[in-house]
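Since we're looking at a predicted model, the values are computed, not measured. Chain letters run A, B, ... following the sequence lines, proteins first and then strands; every chain starts at 1. Only heavy atoms go into these numbers, but all of them, side chains included; no hydrogens, no water, no symmetry mates.
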There are 2 protein chains.
Amino acid sequence: MNSSEQIARDHALVRAVHDAFMPVDDKTFQAIVDHVTYIEVAKGQEFISQGGLNDRLGVMVDGLMRGVELIDGDDHTQMFFDSPCFVTEYVGFLQRKPASFSIVALEDCRLYVLTYDDLQKLYSMSKTGERLGRMIAEGVIATVVEEVRSFRFDSATERYEKLVATFPRLIQRVPQYMVASYLGVTPESLSRIRAKLSRS
Amino acid sequence: MNSSEQIARDHALVRAVHDAFMPVDDKTFQAIVDHVTYIEVAKGQEFISQGGLNDRLGVMVDGLMRGVELIDGDDHTQMFFDSPCFVTEYVGFLQRKPASFSIVALEDCRLYVLTYDDLQKLYSMSKTGERLGRMIAEGVIATVVEEVRSFRFDSATERYEKLVATFPRLIQRVPQYMVASYLGVTPESLSRIRAKLSRS
DNA sequence: CTACATCATTGACCTAGGTCAATGCTCGCA
DNA sequence: TGCGAGCATTGACCTAGGTCAATGATGTAG
C-alpha cells in the first residue's frame with residue numbers, strides 16, 4: 001500500500017469513528033481533516049501525561065492504548081482505547097484541566113490529532129460540528145452509565161464475563177494485571193476467577 | 001407568594017439549572033420557557049415508568065426523586081435527583097428507548113417538562129441550544145466518570161463518606177436502604193459502616 | 001391506645017475478594 | 001544455553017461485605 005492509499009484508508013477510518021456517533025457530511029468532514037495532524041506513538045510511549053497538558057483529542061486508526069492513573073505508586077487502569085476510536089482524557093480535556101491520568105500505547109499506534117482550540121473552532125464554524133460534539137458526548141454517557149450499573153450490581157466474575165463478551169480481542173492483547181485493575185480487582189483475584197470459569 | 005411570583009421564581013430556577021452548564025441568553029431561555037409544561041408529581045408517584053414511554057426531560061424546581069430499576073423483584077437505586085436539577089433517564093431518552101428504570105417522587109415535586117420532540121426543535125432552531133445540549137451532556141460525563149472511578153478504587157465506607165460530604169442534605173431525607181442500594185451494598189452493611197464511623 | 005407496617009440495628013455465620021509469599025512460566029538477551 | 005525480568009498462578013490466611021434471622025424503633029390507621 002503506498003502512502004496516498006494509506007492516507008485514504010486512514011481518512012475513511014477517521015470518518016467511520018465520527019459516523020459511529022452521527023453521519024458526517026462531506027463539508028464538516030473536510031473541516032475535520034483540514035485541522036488534524038498525523039502522529040505515531042510507539043509502544044510504551046505516552047500520548048497524554050498525567051498532570052500534564054491535556055489539549056489533544058486523538059482519533060486512533062491503529063493500535064491500542066491504556067488510560068492509567070498513578071496514585072501512591074500504584075497503577076489504576078481507568079480505560080482502554082482500542083482502535084479505531086477516539087482517544088482522550090475526556091473530562092479534563094473538556095474542562096481544560098491537566099490530565100487526571102496518562103494514556104500509554106500498549107502497541108505501536110497511529111493517530112490523527114485535533115487540538116482543543118481547533119475543536120472549538122470547528123464547533124463555532126458549523127452547527128453540524130456542534131451537534132456531532134453533542135452526539136459524541138451522549139454516546140460516551142451511555143457507555144459510562146452502563147459501567148456504573150455493572151459496578152453497582154454485578155460481581156467481579158460477571159464484569160469479567162461481560163468484558164470478554166464485549167471486547168474479546170482486547171483480552172488477548174492486554175496483560176492480565178491491567179485487566180484486573182480495570183475490573184477493580186487484584187491480579188490474584190482475576191487469576192482465580194479465570195481458573196474457576198475454565199473449570200466450569 | 002402569589003402565583004406570578006411563584007412562576008417567576010420557578011423560571012429563575014429553570015434558568016439556573018441550565019446556566020449551571022452554560023450561560024443561557026434571553027432568547028434561548030425564552031424558547032425553552034415557551035416549550036415547557038408545568039406538572040406536579042406527588043410523593044410516591046412515578047414521573048417515568050420502567051419499560052414505558054421515555055420522552056420527557058424534567059427540570060425539577062422543588063422536591064426529590066429516585067431512579068430505581070426493578071430486577072427479579074429487587075430494587076436497585078440508580079440515582080437521586082435533588083432539586084433544582086434535570087430529571088430524566090438520560091440514556092434511554094437520548095436513544096429513544098423505553099426507560100431502563102423508573103423515576104419516583106420521594107417528596108412532592110414540581111417540574112417543568114420538555115418533550116424529546118420539543119428538545120430537538122430547540123436544537124435545530126438555535127446553535128446556542130445545540131451547544132447547551134452538548135455542555136449538559138459533557139457535565140453528565142464528568143459526574144458519571146467520577147462515579148466509576150470511585151466504584152473501581154474506593155471502599156464502601158469511602159463512597160459513603162464522599163456521598164455525605166457531597167450531598168449532606170440528601171442523607172437526611174432518603175431512607176437508608178435506598179442509600180445502601182445506591183452505594184452498591186446491603187442495608188445491613190451500610191448500618192454497620194455508619195456505626196463504625198460514629199464510633200471513630 | 002393499640003396494632004401493624006416499615007425500616008434500622010445487631011448478631012452469627014458465610015463467601016468473595018484482598019494480602020503476602022512462594023513457585024512457575026515465558027521470553028528477550030548475554 | 002542459561003539467566004533475569006516480568007507476569008501468572010497457587011496456597012494460606014485475613015477482612016469487607018453478604019445473608020438470614022431476631023430485636024428495636026417509629027409512624028400511622030383504626
What's the closest nucleotide to the side chain of [X] if the choices are [options]?
{"X": "A:R192", "options": "C:dG17, D:dA12, D:dT9", "value": "D:dA12"}
{"X": "A:A195", "options": "D:dT10, D:dC20, D:dG17", "value": "D:dT10"}
{"X": "A:E188", "options": "D:dG17, D:dA8, C:dA21", "value": "C:dA21"}
{"X": "A:V185", "options": "D:dG17, C:dA8, C:dG18", "value": "C:dG18"}
{"X": "B:Q176", "options": "D:dG17, C:dT9, D:dA8", "value": "C:dT9"}
{"X": "B:S191", "options": "D:dG17, C:dT9, D:dA8", "value": "C:dT9"}

Legend entry - Between A:H11 and A:Y112, ring centroids under 6.0 Å: yes
Legend entry - Test of ring centre spacing under 6.0 Å for A:F86 and A:F21: yes
Inset, instruction - Would you tell me if any nitrogen or oxygen in the side chain of B:S189 comes within less than 4.0 Å of OP1 or OP2 on D:dG17? - result: no
Just the rounded figure in Å: distance from [atom2] of [N] to [atom1] of [X].
{"X": "A:L190", "N": "D:dA8", "atom1": "CG", "atom2": "P", "result": "9 Å"}
{"X": "B:I171", "N": "C:dA8", "atom1": "CD1", "atom2": "P", "result": "12 Å"}
{"X": "B:I193", "N": "C:dT9", "atom1": "CD1", "atom2": "C1'", "result": "14 Å"}
{"X": "B:R173", "N": "C:dC7", "atom1": "CZ", "atom2": "P", "result": "18 Å"}
{"X": "B:K43", "N": "D:dT28", "atom1": "NZ", "atom2": "P", "result": "8 Å"}
{"X": "A:D74", "N": "C:dG18", "atom1": "CG", "atom2": "C1'", "result": "13 Å"}
{"X": "A:R152", "N": "D:dG17", "atom1": "CZ", "atom2": "P", "result": "16 Å"}
{"X": "B:F153", "N": "D:dA16", "atom1": "CZ", "atom2": "C1'", "result": "18 Å"}

Side-chain polar contacts of residues 37-45 of chain B - donor-acceptor pairs under 3.5 angstrom, sequence neighbours left out - could you list them?
residue: B:Y38; atom: OH; partner: B:E40; partner atom: OE2; Å: 2.8
residue: B:Y38; atom: OH; partner: B:R110; partner atom: NH1; Å: 3.0

Legend entry - B:V174 vs A:T186, nearer the 5' end of DNA chain C by closest nucleotide: B:V174
Legend entry - Pairing of A:R96 and A:D117 as salt bridge, 4.0 angstrom limit: yes
Legend entry - Qualifying residue for side chain to side chain contact (heavy atoms under 4.5 Å, CB included) with A:F80, from A:L163, A:V68, A:V174: A:V174
